[in-house]
Amino acid sequence: MKRLILALDVYERERALEIAECTADYLWAVKVNWPLIIGSGLGIVTELKQVTGLPVIADLKLADIPNTNGLIARRVFGAGADYVIAHGFTGRDSVKAVMELGETIIVVEMSHPGAREFIQPATDKLIELTNELEPFGVIAPATRPERVSYIRSRLKDGIKILTPGVGAQGGKAGEVLKAGADYIIVGRSIYESENPRESARRLHEEILGV
Ligand code: XMP
């Protein structure tokens, strides 16, 4: 089963398409974030789907009022994105505005050190919100497998856990999958490596061994 998501955080369209195409065999999905959309335009979402045939996750971490979240999400889903990532701390109306338009993933905790300041203290409430709204999934930190276990234990069955933070941020794929993650998200360890295909293949093998 494929459980690897490529975080394609490069600016250049051609480089992005090249890396996505050569790693696609080992991926469940490709994640695009602001760097690629700013560098290459929203059309890259459509192109990535055509080139790889894989789902595309738009990691925009939407955090605005419902109307603005909706205006953004409408265009992004319209370009072919299969999933959009939104923050939950803006409240249920803002999240619902995205969910009405397509599959949504809610951030319940983040992987960087600063996440301890404001997001982690709110995680329980964000999990409650998620259990009420039942989106496709949540984002949880691969850098803290114990937090992934905790989130899994409180999250309704069927809601997926996607975890960034493997590799460059220090998280280990095996540990976080054993802790309850469904998918791992990896960026720099793949796209900055000398051989992105080989790096993706190794991660895929590691996932199969769990
Ligand atoms: P690296 O290069 O660190 O890239 O493998 C990770 C990717 O995932 C994003 N990211 C996060 N997104 N919550 C999120 O919603 C997080 O805690 C988080 N940590 C990393 C990051 O922007 C990059 O695209």
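When a ligand or atom number is given, it counts from 1 through the structure's own listing order.
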Distance-only donor-acceptor hits, side chain of residues 106-120, under 3.5 Å, sequence neighbours excluded:
{"unit_1": "E109", "atom_1": "OE1", "unit_2": "T123", "atom_2": "OG1", "d": "2.9"}
{"unit_1": "E109", "atom_1": "OE1", "unit_2": "R147", "atom_2": "NE", "d": "3.0"}
{"unit_1": "E109", "atom_1": "OE1", "unit_2": "R147", "atom_2": "NH2", "d": "2.8"}
{"unit_1": "E109", "atom_1": "OE2", "unit_2": "Q120", "atom_2": "NE2", "d": "3.0"}
{"unit_1": "E109", "atom_1": "OE2", "unit_2": "R147", "atom_2": "NE", "d": "3.1"}
{"unit_1": "S111", "atom_1": "OG", "unit_2": "Q169", "atom_2": "OE1", "d": "2.8"}

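- Sorted by chain and number, the residues within 4.0 Å of ligand 1 by heavy atom are A7, D9, K31, N33, D59, K61, V107, E109, M110, S111, I139, P164, V166, Q169, V186, G187, R188.
- In this pair, Y183 and W28 present their aromatic rings parallel. The plane angle is below 30°, not in the 30 to 60° band.
- With sequence neighbours left out, Y26 forms a ring pair (Phe, Tyr, Trp, His ring centres under 6.0 Å) with H204.
- Taking the side chain to side chain contact (heavy atoms under 4.5 Å, CB included) definition, one finds that E198 meets it with N195, R201, R202, sequence neighbours left out.
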Discussion item. Y11 vs L36, test: side-chain contact (heavy atoms from CB on, under 4.5 Å). Steps then yes/no.
Written reply: CA-CA 5 Å; Y11 292 121; L36 184 54; over 6 Å; no
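- Salt bridge D82/K49: present, at least one basic N to carboxylate O contact under 4.0 Å.
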